J.: 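A single structure is presented below for examination.
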Amino acid sequence: MQMHIEVSGLVKQYPLKAGLFARSRERVHAVNGVSFSIPKGQTLGIVGESGCGKTTTARLLLRVVEPDSGVFRFEQVENVFALPEEELKKVRSRMQYIFQDPYNSLNPKMLVRDIVTEPIRYRGNVTRRELERKAAELLEHVGLSPADSKKYPHEFSGGQRQRISIARALSSRPSFIICDEPVSSLDVSIQSQILNLLIDLQQELGITYLFIAHNLAVVFYMSDTLAVMYTGKIVEMGLAEELYRNPLHPYTRLLIKTLDPEARKDPLVKNDSGEVPSLIHYPAGCTFFPRCPRRQPKCLEAFPALETKGLNHQVACYFPGQEKGNE
Ligand SMILES: Nc1ncnc2c1ncn2[C@@H]1O[C@H](COP(=O)(O)OP(=O)(O)O)[C@@H](O)[C@H]1O
Ligand SMILES: [Mg+2]
């Protein structure tokens with residue numbers, strides 16, 4: 001299948017915040033060799049606990065932060081990470097983003113009209129009338145009223161603000177949108193409206209999504225393919241349905257069990273320490289070891305490679321598969 005997005009070997013370490021004695025060379029291993037690809041018009045979901053490197057992955061693709069290494073093939077561009085600033089600008093209009101917090105991501109001093117047309121105003125050759133018409137059209141497209149274009153962000157609810165963020169993302173006619181926890185800060189009752197809007201837009205416009213969330217139910221709802229991330233690595237990846245029916249990594253199994261109130265009584269969930277190892281002193285072996293019901297001495301030797309276990313299904317575990325007996 002023709003891939004629209006191909007990311008390989010993505011790595012990012014942050015220097016630790018400089019303290020009083022800023023001699024430390026210690027680094028946070030935020031993203032630790034992540035690779036994935038997305039066919040055009042499809043959604044790859046990334047799920048994982050807070051701090052596992054989801055947002056860093058998004059920021060790297062947008063080149064808000066520069067990667068230590070990695071390749072990002074996007075449409076005709078062999079490697080977005082190697083593009084000089086001038087050429088990057090052209091690519092950026094094809095690649096947009098929607099972030100978690102619709103309160104802080106919209107400039108409170110700007111009219112909605114100017115916010116939603118911001119990505120296209122820099123083109124220079126657009127008249128004021130055209131911008132106004134475009135703003136009205138964009139707002140209607142996301143279920144708001146053209147009259148809203150003369151209001152300020154504070155006049156809207158969280159869900160409406162997220163619609164404004166979506167309108168802004170759509171304005172430059174992107175083919176790829178990165179959604180980083182787009183509904184996490186919204187009331188549950190509003191979440192599905194925004195998710196359904198994103199799905200409708202994808203069907204209508206053929207947009208490819210990278211959809212990031214810590215809520216597994218939300219990610220399952222949105223994704224064709226799902227990547228489960230832990231301590232900066234993808235530990236399992238596959239078709240969303242397949243992963244749900246047949247999770248192979250103990251961490252994926254744990255996440256799925258926590259979805260179901262009945263299954264929360266399961267010892268796998270009840271006995272889980274929730275302990276995530278330090279991303280500064282990254283251990284040699286598997287980082288899930290302290291929490292793993294299947295751990296063996298071998299797991300301390302090296303982090304297991306992501307291996308193919310079935311059609312479109314990969315897992316990074318020495319002892320993958322169905323739980324047995326005492327788990
Ligand atoms: N700018 C930064 N400087 C230093 N450490 C950072 C920075 N941004 C993120 N981190 C660290 O990188 C790790 C991954 O963070 P992040 O990508 O935000 O995770 P997630 O989005 O999955 O919650 C965390 O340990 C976080 O503290
Ligand atoms: Mg995040």
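We count ligands from 1, going down the list as the structure has it; atoms in each ligand are counted the same way. This one's a predicted model, so the numbers in the text were calculated from it and none came from an experiment.
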J.: Between the protein and ligand 1, are there any N or O atom pairs that come within less than 3.5 Å of each other, and if so, what are their names and distances?
T.:
unit_1, atom_1, unit_2, atom_2, d
ligand 1, 17 (O), T56, N, 2.8
ligand 1, 17 (O), T56, OG1, 2.6
ligand 1, 19 (O), G53, N, 3.2
ligand 1, 21 (O), T55, N, 2.9
ligand 1, 21 (O), T55, OG1, 2.8
ligand 1, 22 (O), C52, N, 3.2
ligand 1, 22 (O), G53, N, 3.1
ligand 1, 22 (O), K54, N, 2.9
ligand 1, 22 (O), K54, NZ, 2.8
ligand 1, 23 (O), G51, N, 2.6

J.: Look at the N, O or S atoms of T56, main chain and side chain alike, and state whether any lies under 2.8 Å from the Mg ion (ligand 2).
T.: no
J.: For residues H214 and S50, determine if any side-chain heavy atom of one lies less than 4.5 Å from a side-chain heavy atom of the other.
T.: no
J.: Can you label the angle between the Y251 ring and the Y230 ring as parallel, tilted or perpendicular, going by 30° and 60°?
T.: tilted
J.: Quick one: do F288 and H249 satisfy ring pair (Phe, Tyr, Trp, His ring centres under 6.0 Å)? Show the steps, please.
T.: CA-CA 10 Å; F288 192 61; H249 197 284; 5.7 Å; yes
J.: Ring centres under 6.0 Å, that's the criterion: do H29 and Y14 meet it?
T.: no
J.: Among R168, Q162, R161, which residue meets the side-chain hydrogen bond (donor to acceptor under 3.5 Å, both in side chains) test with S165?
T.: Q162
J.: Parallel, tilted or perpendicular: which fits the ring planes of F72 and F176, with parallel below 30° and perpendicular above 60°?
T.: perpendicular
